[in-house]
Amino acid sequence: MLKESVDYIRSITDKKVEIGIISGSGLGGLADKIENPVFIDYKDIPHFAVSTAPNHIGRFVIGDYCGKNVICMQGRLHYYEGHSMKDVIYPVQVMNKLGVKVLIVTNAAGGINTSFSVGDIMMITDHINMMGTNPFIGKNDDEEGLRFFDMTHAYSPRLCEIADCVAKENNIDLKHGVYVSTTGPSFETPAEVKAFRILGGDAVGMSTVPEVIAANHCSMEVLAFSLITNTAAGVSDVLLSGDDVIEIGKKKATVLSKLVDEVLYRL
Ligand code: HPA
């Protein structure tokens, strides 16, 4: 299956790609800045599932960005859309076959840590998988990765260090924290948010963890950022809305984009 997907992409462009980017809710604008872009709709790629989330365009954008050859997922697949975990991680496995060694992931998340404000950017230093499943349950393909693979450095310390330097030099107040993933699509209850805080979570969202697990399976280095689009349920009196998440994402995406740009220049 992977070979057929890769062959299709290769029939459209033979550009070598080394960096993969997955942009989250309201953050797809990054892909618009890619130069000499080649667009490949997910719906046209053999064996690909199609994203249905609001505001998620479903396509790969391949081109030049900040001096690098990149492949960007403009729109990701979420488990809550009804896709299987295997479908959710499939694009990461395709990116791996295309040569991607570094994966940069962004998402929108609710702030659990009470010191976070809406609009803050949190670099994910670790995660807690609350999705109740794992994309690698089932038969393992030993040629792709190990059956039992290490997740100690799931978020690359090397890349985190670069991002910290970039943030410091550009006066970006970059928070650090642990991302908790839920299946969604309901937002959390205040009791769940409280429990996640006790467990050590700083932000909560409905994505990223499956893709990061997949990236680690095939030994990619990962750098991931959450844009805090709201305080998580019960942290303030504000009720949560998906539209607000997307609006804040769009408004605050500039700083996140600057951060990603500068990191890319240094890779
Ligand atoms: N919870 C889960 N997912 C989210 C949130 C949230 O508060 N905000 C943005 N994505």
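Counting convention: from 1, in listed order, for ligands and their atoms alike. Nothing here was measured: the structure is a model prediction, and the numbers come from that model.
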- Centroid separation H127 to Y155 less than 6.0 Å: yes

- Message: Tell me which one of D202, D126, D164, N113 satisfies side chain to side chain donor-acceptor pair (under 3.5 Å) with H176.
- Response: D164

- Note on the structure: Residues with a heavy atom under 4.0 Å from ligand 1, by chain and number, are A108, A109, G110, F187, E188, V204, G205, M206, T229, N230, L240, V245

- Message: Whether the side chain of Y179 engages the backbone of S207 through a donor-acceptor N/O pair (distance < 3.5 Å, no angle test) should be reported.
- Response: yes

- Item | Cation-pi geometry met for K86 and F136 (6.0 Å, 45°) | yes

- Query: So R158 and E221, salt bridge (Lys or Arg N to Asp or Glu O under 4.0 Å) or not? Walk me through it.
  - Reply: CA-CA 9 Å; R158 179 183 85 89; E221 283 186 292; 2.9 Å; yes

- Message: Closer than 3.5 angstrom, by distance alone: can the side chain of Y42 be matched with the main-chain N or O of G75 as a donor-acceptor pair?
- Response: yes

